[in-house]
Amino acid sequence: MKRIAVTVNGTRRESEVEPRQLLVIHLREDLGLTGTKIGCDTTSCGACTVLIDGKSVKSCNVLAVQADGREVTTIEGLAADGTMHPLQEAFRNNHGLQCGYCTPGMIMAALSLIDAGTPLEDEEDIRLALEGNLCRCTGYQNIVKSIKDAAGQMRSSASA
Amino acid sequence: MIPEPFEYEVAESADHALELLGRFGTDAKLLAGGHSLLPLMKLRLALPPALVDIGRLSDLSYIRDNGDAIAVGALTCHEDLQFSDVLKQHCPIVSHAAGEIGDPQVRHRGTIGGAVSHGDPAADLASVLLTLDAEFVIHSTSGDRVVPAADFFKDLFEVDISTQEMLTEIRIPKLQGAGWSYQKFHARAQDWAVVGVAAVVNRSNGSIDAAVGLTTMGDTPLRARAVEEALSSGADVATASQEADRDTNPPDDHMGSAGYRRELSKVLTRRALEESLSR
């Protein structure tokens with residue numbers, strides 16, 4: 001067992017984990033943060049996307065020990081004091097989901113793209129940038145709309 | 001899927017990593033970003049008894065202008081290659097190819113050193129570095145040795161790094177204004193290349209001096225020597241491209257038959273040469 005300390009959604013969490021423990025299972029089963037989903041479990045679908053030090057990663061392909069000392073952000077870390085994050089709000093307003101299983105990963109991937117300054121002005125840009133996340137319900141239409149909406153809002157409020 | 005149990009230590013330096021490799025024995029593996037190794041371990045296709053985590057060696061994550069070449073630290077992640085101003089200026093084919101790997105999440109974790117050490121003939125950067133005649137700096141307790149790309153890729157998942165050595169740096173010659181292209185054919189955005197073709201082209205006295213590399217056309221990344229020779233002896237692009245599959249051994253799998261890959265390699269070679277000549 002290895003002792004690790006990961007700052008998850010702003011709170012330092014110390015745990016004993018087996019080196020082989022995947023980060024996604026550590027988050028879901030050890031820390032009870034089940035917002036992050038396991039989809040394909042082969043680094044393809046993006047359902048398990050979380051941020052490590054602000055950058056999106058697929059947590060089914062990261063060991064919990066690799067996150068030792070890092071800051072991890074999950075979907076549970078976005079809403080502040082009961083107010084939804086602009087991305088969450090945009091997914092709600094634009095009906096950016098059907099079954100919802102891919103949604104936490106979509107939102108975390110989108111947050112990383114917005115923070116990195118990735119061009120997200122037109123639909124084509126967004127579709128290309130979302131190459132790491134799969135949705136089997138929506139045909140992506142409303143996901144793209146939601147991200148365009150949120151990116152526009154977040155960037156205009158950041159530059160205001 | 002959770003991998004089989006293994007021992008795990010974090011390396012504090014390159015020399016510490018070598019010391020840990022020595023202690024764990026020859027089946028231990030270095031873990032960088034883990035985006036080649038961990039999927040194999042989850043599928044039980046690799047069962048290393050111990051991992052030495054070099055992922056925290058931030059002093060091996062750099063992109064430096066060394067005059068004629070760009071020196072890239074082995075632990076530089078694909079995203080850093082993709083957005084590097086130095087590479088975009090001097091080796092744009094490398095930043096372009098890095099941006100073609102996987103997806104943003106993968107590019108945040110995967111490293112250039114991990115990708116080439118893995119020895120996968122489907123790795124985009126491997127064929128690009130072979131095309132550019134890059135050099136690989138291999139570190140061991142007895143010092144550093146420098147291996148040219150032509151000697152580095154030995155066989156399927158086998159490169160010229162012993163179990164008691166580690167790759168620390170890749171030296172990439174500057175393009176010096178040469179035209180370039182990397183044509184990657186894949187069905188879905190995040191997929192591996194069914195076939196990829198890298199080209200770097202200079203015109204000299206009417207003939208074309210080209211280096212052409214192939215992804216997923218054999219057990220290692222390959223150079224399309226027959227295409228290069230045809231061009232240097234005056235063949236036009238369309239004719240030379242027909243030689244792309246000469247001396248290759250493409251895989252026959254769910255992504256495409258060997259025959260399909262042979263045809264694809266010719267088409268992509270033509271496109272890569274045409275794009276290179278237009279730059």
Side-chain angles (χ1 to χ4, degrees), chain A residues 1-4 17-26 29 38 40-70 105-106 108-118 120 127-134 140, chain B residues 1-11 24 28-29 31-56 58 75 77-80 82-83 99-111 114 184 186-192:
Chain A
M1 301 290 275
K2 284 276 166 191
R3 185 141 202 96
I4 60 168
V17 296
E18 271 193 88
R20 62 174 176 157
Q21 181 72 296
L22 303 174
L23 177 60
V24 68
I25 297 181
H26 177 59
E29 297 185 8
I38 301 174
C40 68
D41 202 7
T42 57
T43 338
S44 302
C45 78
C48 65
T49 300
V50 301
L51 308 188
I52 295 183
D53 293 342
K55 295 196 168 178
S56 59
V57 305
K58 293 181 175 178
S59 61
C60 78
N61 196 43
V62 177
L63 300 171
V65 288
Q66 290 179 290
D68 182 27
R70 309 283 194 209
M106 286 284 177
M108 300 315 289
L111 179 57
S112 181
L113 291 167
I114 292 169
D115 287 347
T118 309
L120 299 170
R127 286 179 183 272
L128 285 173
L130 274 186
E131 62 184 328
N133 293 74
L134 301 180
Y140 303 94
Chain B
M1 299 161 290
I2 299 170
E4 291 287 318
F6 51 83
E7 288 188 82
Y8 171 89
E9 289 292 341
V10 175
F24 281 135
K29 286 277 191 190
L31 175 71
H35 274 49
S36 298
L37 183 56
L38 293 177
L40 292 181
M41 291 173 64
K42 289 169 72 176
L43 293 167
R44 273 63 181 165
L45 295 173
L47 294 163
L51 293 185
V52 174
D53 187 350
I54 54 172
R56 288 158 200 277
S58 51
L75 285 160
C77 72
H78 302 319
E79 193 206 30
D80 288 347
Q82 184 185 359
F83 293 113
E100 294 284 299
I101 297 168
D103 51 50
Q105 291 96 317
V106 168
R107 296 193 289 270
H108 287 148
R109 296 291 299 172
T111 65
K184 177 177 182 174
H186 45 169
R188 296 171 304 180
Q190 63 178 201
D191 276 346
W192 296 92

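Chain naming here is simple, since letters A, B, ... match the order of the sequence lines and numbering starts at 1 in each.
Electrostatic pairing of Glu9(B) and Lys2(A) counts as a salt bridge here, judged by a charged N lying under 4.0 Å from a carboxylate O.
Remark: of the listed residues Asn61(A), Asp41(A), Thr42(A), Asn61(A) is the sole one forming a side-chain contact (heavy atoms from CB on, under 4.5 Å) with Pro39(B).
Interface check for chain A: of the options Glu7(B), Glu4(B), Arg109(B), the most heavy-atom pairs under 4.5 Å are formed by Arg109(B). For the set Ile38(A), Ile52(A), Val57(A), the count of heavy-atom pairs under 4.5 angstrom toward chain B peaks at Val57(A). Per-residue heavy-atom pair counts under 4.5 Å with chain A were compared for Gly55(B), Gly33(B), Pro104(B), and the maximum is reached by Pro104(B). Chain A forms the most heavy-atom pairs under 4.5 Å with one residue out of His108(B), Arg107(B), Gln105(B), and that residue is Gln105(B). Comparing Val62(A), Ile25(A), Thr118(A), Leu113(A) by how many heavy-atom pairs each has under 4.5 Å with chain B, the most go to Val62(A). Highest contact tally toward chain B, considering only Asp68(A), Leu128(A), Leu130(A), is held by Asp68(A) [criterion: heavy-atom pairs under 4.5 Å]. If you tally non-hydrogen atom pairs under 4.5 Å between each of Ile2(B), Asp53(B), Leu43(B), Asp103(B) and chain A, the highest count goes to Asp103(B).
Two residues are said to be in side-chain contact when any heavy atoms from C-beta on lie closer than 4.5 Å; Gln66(A) and Leu51(B) fail this criterion.
A distance of 6.0 Å separates CG in Leu31(B) from CG in Leu63(A), rounded to the nearest 0.5 Å.
Only the side chain of Glu79(B) comes within contact range of chain A, with at least one heavy atom under 4.5 Å from a heavy atom of that chain. For Arg127(A), no part lies near chain B; criterion is any non-hydrogen pair under 4.5 Å. For Val10(B), no part lies under 4.5 angstrom from a heavy atom of chain A. Residue Arg188(B) does not touch chain A at all, counting heavy-atom pairs closer than 4.5 Å.
In plain terms, the two heavy atoms of Pro19(A) and Tyr8(B) that are nearest each other are CB-CB, 3.5 Å. Nearest approach of Glu131(A) to Gln190(B), heavy atoms of both residues: O-NE2, 3.1 Å. The minimum heavy-atom distance between Leu22(A) and Pro3(B), with the atom names listed, is CD2-CD, 4.1 Å.
In Lys42(B), the NZ atom is crowded: over 12 heavy atoms of neighbouring residues, nucleotides or ligands sit closer than 6.0 Å.
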